[in-house]
Participant: 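Have a look at this one before I ask anything.
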Amino acid sequence: MSTRLATGGRLLTKDKPVTFRFNGKQLRGYEGDTLASALLANDQMLVGRSFKYHRPRGIVASGAEEPNGLVNMGDEGKFEPNQRVTTTELFDGLSATSQNHWPSLEFDVGVINKYMSRFMPAGFYYKTFMYPRAFWKHVYEPFIRQAAGLGKAPKARDVDTYEHYHAFCDVLVIGGGVAGLLAAKTAAQSGAKVMLIEQTAHWGGRAPVDGGTVDGDPVEDFVEKTVAELASMENVTLRNRTMGAGVYDHGYVLGYERLTDHAPEAAGPRHRLWRVRAGHIITATGAIERPLSFAGNDIPGVMLASAVRDYVANWGVSIGDRTVIVTNNDDAYLTAFALKFAGLEVPAIVDARPAGDESPAMAQAKALGLRVLHGHGIAKVKGNKRVTGVAICAQAGEGAVLEEITCDAVAMSGGWSPVVHLWSHCGGKLAWDDAQAFFKPDRDKAPTGADGAGFVTAAGAASGALILSDALGDAHAAGQAAAKAAGFTARKTKAPKGETPAEAPMLPVWMMPQGASAPLRAKAWLDYQNDVKVSDVQLAAREGFESVEHAKRYTTLGMATDQGKLSNINGLATLAGALDTPIPQVGTTTFRPPYTPISMGAIGGEARAEVFQPIRRTPMHDWHDTNGADWEPVGHWRRPYAFVRDGESTHDAVMREVVNTRQNLGLLDASTLGKLVVKGPDAGKFLDMLYTNMMSTLKPGKCRYGLMCSENGFLIDDGVVARIDEDTFLCHTTTGGAERIHGHMEEWLQTEWWDWKVYVANVTEQYAQVAVVGPNARKVLEKLGGMDVSKEALGFMEWADGEIGGFKARVYRISFSGELSYEIAVDAGQGQAFWDALMAAGAEFGAMPYGTECLHILRAEKGFIMIGDETDGTIIPQDLGLNWAISKKKEDYLGKRAQARSHMTDPERWKLVGLETVDGSTLPDGAYAAGEGVNANGQRNVIGRVTSTYHSPTLGRGIAMGLVLHGPDRMGEVISFPGTDGKTYEARIVDPVFYDKEGEKQNV
Amino acid sequence: MLILTCPMCGVTAEETEFHGGGEAHLKRFGPGSSEDEFEGYLFMRENPKGVHFERWRHANGCGKWFHAARCTTTLEVFGTYAAQTYEPPAEIKAVISDKRPGWRWREHS
């Protein structure tokens, strides 16, 4: 069993005990523990179940690479799944539960999958869930959904806050181990602004556990001294608990700082996302130990040798009383020594390397009386939920058992792999190191910045310098190179001298034993979380998934939340072996950010709730809000959909607004409509190019409705253009289109017709605009008094400046409703006062505000199109019967050439018509009209679709517009629209103008 | 996320301040052009691995359009220049020739 030792634990504060809960059980730990070390101290080795076979899973590692120890943390608004126990700092009151099991961690029904494993090989999803087709929906999908995903999605709203920081530095060092510390110091000595970030709460990385001396002093002293020096330098920023999550183009880095995860009661944001722009980046991200692939290497109690060492040294935790070491290198011997010094048993060091020259580590093992079995391996691990022993075999053989050793823990080491993730994120290339059997950064192929030079330098173990002395020399050089790259002159300093005992070369071991039989290979795990075994990768290779990227997706190797930090190199070495190809030729899969998962909260930062997206408000917004506005988002604006009165449904309100506007007087807040001033000697010529109709011939004082198309010919916007004077036009755009059309105009002016003398200004927010609509519209304006708004003085499609009720106003006699209508623009600051004046004066004429849905019905009754309803980016004006608004005289306008293409002139294009249901009901929105016959997929052919549909209170029936094949030639024909509700709607093709076809009402 | 310098206002800024606008130096074909000419103008775009010329707008800045000469593989920026030109300026081409001898892009080299 695993337990807390009486002594040791350099990171613990033993006079500060804490209590926490795991699966409801109260447990004890110390300040300085990780959740992993505290669980192990309480003999809680089993922490979860694997994804596919629900095999028992124990803690394997001690850091960010941990694949198994994922738990649900917290409750309610602080609940978060998939938290890694090895990177979770213990705090008083912590509450965690294990995941991916049912009904309990100890007894799990899903473990049945294990016995099915023969039927669940690599790619089983693709092979199994195909036939019969009828099973897709009711059998396979529920099964896959049940099995998919780890943990549970939080249900409550996150109660924590998050924030973003922007930072700039000359040199950013990622990783606060000895290499990172030295590189930061060396760079900072040049005067460069340096930022150093470290993912854990501690500085120095592995070095204090692994030992050695720097310039004759213990490495711990060097760490302490260097941190103090850095802290005293004004040009250095130090941040621990901050992970380098990703490296992006031109020196952009995301850092993920966990501020209060270890102290949830503390004030302030929980996580902070650092958005750093660095002149040069040093990745001092260390190395990760690799597991060995032997049968039963996933049984709880089998751990990385370095992790076993960490738990003893850092947290005073023994993983077992008897630990067998299995290794292919000298480094794992340190674990044997650490255990021995802690008074624990090490029955054997199983060293896959044949006996050769004795290294200092081997000599020390001998001196300590440890049994070293050279040229041996583990045939299989015995045990179920916990290791009970190992069977030893010859590494060179097929797994014939030579002896069995009783033990309760196995510490394995397959060598080390530099953490090259951050180097690779932005395109840094890797080189294979044959001697040490790992990929390391290829110095000549760093990711390049704006100037074409490399902007990342790897330092220390991350660059392949695993030995302390090499790492220090490498980091010193990296610090100097980074300072130089950032434009500083490096000070001439000497690298401190690191000393550790010499090591014998490691031996690459990708399978243990080398010729492991099929049953053994089917129990040798590569990816613990996703349950990928040596046999799965070999099967993938046999089935033709030879590319490493294909094999990964087929087997799901490295696709779990740990992204294959432990499994990738072993997996691709296995693939290389199966393909009989050298490892560097197989290559690696792509390393993508983030390095380990970061919280959604951190990504969102402050942008949530009302700050998520700013809302644009018209000057009358607050009035609408207090008068029953049912809000509708339109672009970034909010517009009232309807003004709902007490006791009324929204639909009732809309109907009332339509009837009142047609019979009395309606007021619409039209301030959101885009207003662009186009000015200059060439303004007319310019607008002739932008609109399909002729604008240059418009007389000052007049208005004209215009259509705007893209160069593809498709309609992009419409609106009324008013000519203010010879040089000046005011173009109205749709509510959502103002910024886009402004940008469209600027683009053509700046990049195509840059010699034309035209300026464009967006004055949308300078005006409040009210549409005064209905038979009483003129009466209310006359009552307010001021300018002459009679038919004679201000005819339809004319505008005039003047005064209304004391307000300086520009009045447009335009109508989007078919009624007598004035759109009146006043200064934005006068908007609310003007609205109040209209409401007060209009009371006797039945004035009521109306919203966007009423506006839609009014325009649909008149057959006016709406951008975004009748158009969807594939519609040309000709489809909508708008040929009258397309100039035949102009040589050119944007979209003209495109509208001459064969597809655009095809008579088979669906054309706009009105649709009247035979029974007066309302057609479903977006419904398709079914035609004769079926298509190649056996579906009914379609001959049209509904683009707008409403109940018209004016006509007392449903009305709609739609695009129909040969529609305008089929007036009076009845076509059918099958609805998604199972009903079929019959509708007659009619003229799209349903109401007041002659336009008498607006022209009074 | 790239860093670009707007040649119009001189500001060097993050990519979030800019908006990409596709390929630079397109020649517009309007009414009267052949189907091939119009197809080329409307749809045919270079997708080079290497030297490329792009349009950008300093959307959250001075609002001006400009051109950038860039390497799509190394992300190196050779230079930015005003949009009011029909072809890459000689000094930009010289910078590219210095760093990518023998480069070609459409009819330019």
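Note: hydrogens, waters and symmetry copies are ignored here, and every other heavy atom, side chains too, is used. The sequence lines fix the lettering, A, B, ..., with proteins before strands; numbering per chain opens at 1. Computed from a prediction, not measured in an experiment: that's the story for all the values here.
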Participant: Quick one: are A/Leu894 and B/Arg28 in side-chain contact, heavy atoms under 4.5 Å?
Facilitator: yes
Participant: Please determine whether the number of non-hydrogen atoms from other residues, nucleotides or ligands lying under 6.0 Å from atom NZ of A/Lys888 exceeds 12.
Facilitator: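 Yes, because the 6.0 Å sphere around NZ of A/Lys888 holds more than 12 heavy atoms from other groups.
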Participant: B/Glu39 versus A/Arg901: any side-chain heavy-atom pair under 4.5 Å?
Facilitator: no
Participant: Please indicate whether A/Arg443 has more than 12 foreign heavy atoms, meaning atoms of other residues, nucleotides or ligands, lying under 6.0 Å from its CZ.
Facilitator: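 Atom CZ in A/Arg443 is not packed in, count stays at 12 or less.
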Participant: Heavy-atom pairs under 4.5 Å with chain B are the metric here; pick the option from A/Gly452, A/Gly895, A/Gly743, A/Ser902 that has the most.
Facilitator: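 Of the options given, most contacts go to A/Gly452.
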Participant: Does any backbone or side-chain atom of B/Phe66 lie under 4.5 Å from a heavy atom of chain A? Answer side chain, backbone, both or neither.
Facilitator: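 Interface part for B/Phe66: neither.
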Participant: For the CZ atom on B/Arg106, are there more than 12 heavy atoms of other groups (residues, nucleotides or ligands in this structure) within a distance under 6.0 Å?
Facilitator: yes
Participant: When you measure from the side chain of B/Thr74 to the backbone N and O of A/Thr448, does any donor-acceptor pair fall under 3.5 Å?
Facilitator: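 Absent.
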Participant: Could you tell me whether A/Lys890 atom NZ has more than 12 heavy atoms of other residues or ligands within 6.0 Å of it?
Facilitator: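 Atom NZ in A/Lys890 is crowded, with more than 12 foreign heavy atoms closer than 6.0 Å.
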Participant: Counting only non-hydrogen atoms closer than 4.5 Å, does B/Glu35 touch chain A with its backbone (N, CA, C, O), its side chain (CB onward), both, or neither?
Facilitator: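 Looking at B/Glu35, backbone and side chain both touch chain A.
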Participant: Could you tell me which portion of B/Arg57 (side chain, backbone, both or neither) has an atom closer than 4.5 angstrom to a non-hydrogen atom of chain A?
Facilitator: side chain
Participant: Taking A/Glu746 for the side chain and B/Lys64 for the main chain, is one N or O donor matched with an acceptor at less than 3.5 Å?
Facilitator: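 No.
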Participant: Quick check on A/Asp892 against chain B: is it the side chain, the backbone, both or neither that has a heavy atom closer than 4.5 Å?
Facilitator: both
Participant: Minimum heavy-atom separation for A/Thr751 and B/Arg55, please, with both atom names.
Facilitator: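 Closest heavy-atom pair between A/Thr751 and B/Arg55: OG1-NH1, 3.5 Å.
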Participant: Could you look at A/Ala453 and say if it's the side chain, the backbone, both or neither that has a heavy atom under 4.5 Å from chain B?
Facilitator: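 Neither; nothing under 4.5 Å.
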Participant: For B/Leu4, does its backbone N or O pair with a side-chain atom of A/His250 as donor and acceptor, under 3.5 Å?
Facilitator: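 No, the answer is negative, given that no donor and acceptor are paired below the 3.5 Å cut-off.
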Participant: Find the distance between CH2 (B/Trp65) and CD (A/Glu747) and round it off to the nearest 0.5 Å.
Facilitator: 4.0 Å
Participant: Are more than 12 heavy atoms, taken from residues, nucleotides or ligands other than B/Asn47, located less than 6.0 Å from that residue's CG atom?
Facilitator: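 No, because the 6.0 Å sphere around CG of B/Asn47 holds 12 heavy atoms or fewer from other groups.
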Participant: Could you state the interatomic distance from CD (A/Glu711) to CZ (B/Phe29), rounded to the nearest 0.5 Å?
Facilitator: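 Rounded to the nearest 0.5 Å, the CD-CZ separation comes to 11.5 Å.
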Participant: Working to the nearest 0.5 angstrom, can you tell me the gap between A/Arg897 CZ and B/Tyr41 OH?
Facilitator: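 Going from the CZ atom of A/Arg897 to the OH atom of B/Tyr41 covers 11.5 Å.
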Participant: Distance check, rounded to the nearest 0.5 Å: A/Tyr252 atom OH versus B/Glu14 atom CD?
Facilitator: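 Those atoms lie 6.5 Å apart.
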Participant: Has A/Phe168 got more than 12 heavy atoms of other residues, nucleotides or ligands less than 6.0 Å from its CZ?
Facilitator: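 Above 12, so yes.
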Participant: So which part of B/Phe78 gets closer than 4.5 Å to some heavy atom of chain A, the side chain, the backbone, both or neither?
Facilitator: neither
Participant: Kindly give the heavy-atom pair with the smallest separation between A/Lys896 and B/Pro31, and that separation in Å.
Facilitator: CD-CG, 3.7 Å
Participant: Any side-chain heavy-atom pair from B/Phe43 and A/Asn712 closer than 4.5 angstrom?
Facilitator: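 The answer is yes, as the side chains (C-beta and beyond) meet within the 4.5 Å cut-off.
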Participant: Given a strict heavy-atom distance threshold of 4.5 Å, which part of B/Ser33 is in contact with chain A: side chain, backbone, both, or neither?
Facilitator: both
Participant: Checking heavy atoms, do the side chain of A/Glu891, its backbone, both or neither come under 4.5 Å from chain B?
Facilitator: backbone
Participant: Considering only heavy atoms, which portion of B/Lys99 lies under 4.5 Å from any heavy atom of chain A: side chain, backbone, both, or neither?
Facilitator: side chain
Participant: Between B/Leu42 and chain A, with a heavy-atom cut-off of 4.5 Å, which part of the residue counts as in contact: side chain, backbone, both or neither?
Facilitator: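 Side chain of B/Leu42 only, per the 4.5 Å heavy-atom cut-off to chain A.
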Participant: At what distance, to the nearest 0.5 angstrom, does CD of A/Glu752 lie from NZ of B/Lys27?
Facilitator: 8.5 Å
